[in-house]
Amino acid sequence: MIATQLRLDPLPGCGARVKAVNLADLTDAEVDGLRQALFDHGLLIFRGQSLTPEQHIALAERLAPIDVNRFFPAAPGYPVIAKVEKTADQMTNIGGGWHTDHSYDAEPAMGSVLVARDLPPSGGDTLFADMYAAYDTLDAETKAQIAGLRAVHGSDHVFGEKGVYAQTDQPELAKGGVETPETVHPVVIRHPGSGKSVLYVNPSFTLRFEGMTREESMPLLMKLYAHAMDMSRVHTLVWEPGTVAIWDNRATWHFAKNDYHGHYRLMHRITLAGCALEAA
Ligand code: OGA
Ligand code: MN
């Protein structure tokens with residue numbers, strides 16, 4: 001089977017829905033097709049799946065080597081599965097701001113495979129923004145302004161001992177003693193799997209442009225962020241039992257809505273290893 005034989009329906013704003021596949025029982029050709037579709041569309045959504053944790057791990061391993069997140073608690077008995085959890089009495093959720101996973105790493109995660117395990121009665125949607133389209137729709141002047149720029153990314157202000165989560169009711173995400181070095185990536189990368197140009201800065205982990213202070217960087221960063229989060233290029237994923245989302249962390253941003261206080265939500269995430277990123 002080749003990629004074009006997969007049944008892909010483009011979704012409003014960002015990504016595609018894949019129909020008529022069983023993620024627990026894929027042929028090698030389907031796996032290759034899904035990987036390429038992921039690179040091309042940035043987000044793939046599957047409905048009506050029933051993956052066990054073992055099948056979730058097997059699926060991830062067929063797509064790419066697993067990159068274990070060093071901050072999130074693991075699902076009991078599954079060290080490679082990160083628990084993305086909010087209890088009925090917590091106020092803070094995980095991923096409740098625009099971000100892309102692991103941009104603070106020298107070799108940022110290629111993708112993430114998120115499985116819905118326990119959903120609130122309503123709310124808890126995830127938004128996805130298309131960073132290919134964000135780049136393509138920038139005006140020529142801004143494209144010229146960011147060509148050749150590089151940006152510094154970090155995680156200490158989020159996951160560090162004095163980071164954002166340390167002040168919340170999810171303090172176990174704030175890991176003292178975990179190495180959180182800053183890292184530098186081009187602002188416009190050449191996507192390693194599609195060859196297309198992508199805008200690669202994000203509001204959660206990008207700190208500043210290389211060679212500039214944060215104050216000097218903020219006006220242009222804010223302009224890029226405002227453009228990138230335009231709702232015409234955002235898809236709202238409404239989770240159902242059995243929904244699986246696979247996204248490409250180089251080609252999209254995501255945002256977990258926190259509108260279900262008093263209810264429990266549990267997702268299982270496996271992060272897929274990526275590579276160093278080159279300028280477009
Ligand atoms: C993540 C994340 C979004 C969500 O798992 O990386 O940001 O909706 N989760 O739970
Ligand atoms: Mn995330």
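FYI, the numbering just counts along the sequence from 1. Ligands are counted one by one from 1 in listed order, and the atoms in each one are counted from 1 as well.
Within 4.0 Å of ligand 1, heavy atoms belong to protein residues V84, G95, H99, D101, L114, T126, W247, H254, A256, R265, M267, R269.
H99 contributes a side-chain N or O that, together with a main-chain N or O of G97, makes up a donor-acceptor pair within less than 3.5 Å.
Around the Mn ion (ligand 2), the protein N, O or S atoms closer than 2.8 Å are H99 NE2, D101 OD1, H254 NE2, listed by chain and residue number.
Y135 carries K143 over the face of its six-membered ring, with the cationic atom under 6.0 Å from the centre and within 45° of the normal. Relative to the six-membered ring of Y264, K86 misses at least one condition, a distance below 6.0 Å or an angle of at most 45° to the axis.
Every residue two or more places apart in sequence or in another chain was checked for a salt bridge (Lys or Arg N to Asp or Glu O under 4.0 Å) with R190, and none qualifies. A search for side-chain contact (heavy atoms from CB on, under 4.5 Å) contacts involving D28 returns R62, not counting sequence neighbours.
Under 3.5 Å, the side chains of S103 and N202 contain a donor-acceptor pair of N or O atoms.
A distance below 6.0 Å separates the ring centres of Y200 and H153.
Nearest heavy atom pair, residue L272 against residue V113, reads CD1-CG2, 4.0 Å.
Electrostatic pairing of K162 and D156 does not count as a salt bridge here, judged by no charged N lying under 4.0 Å from a carboxylate O.
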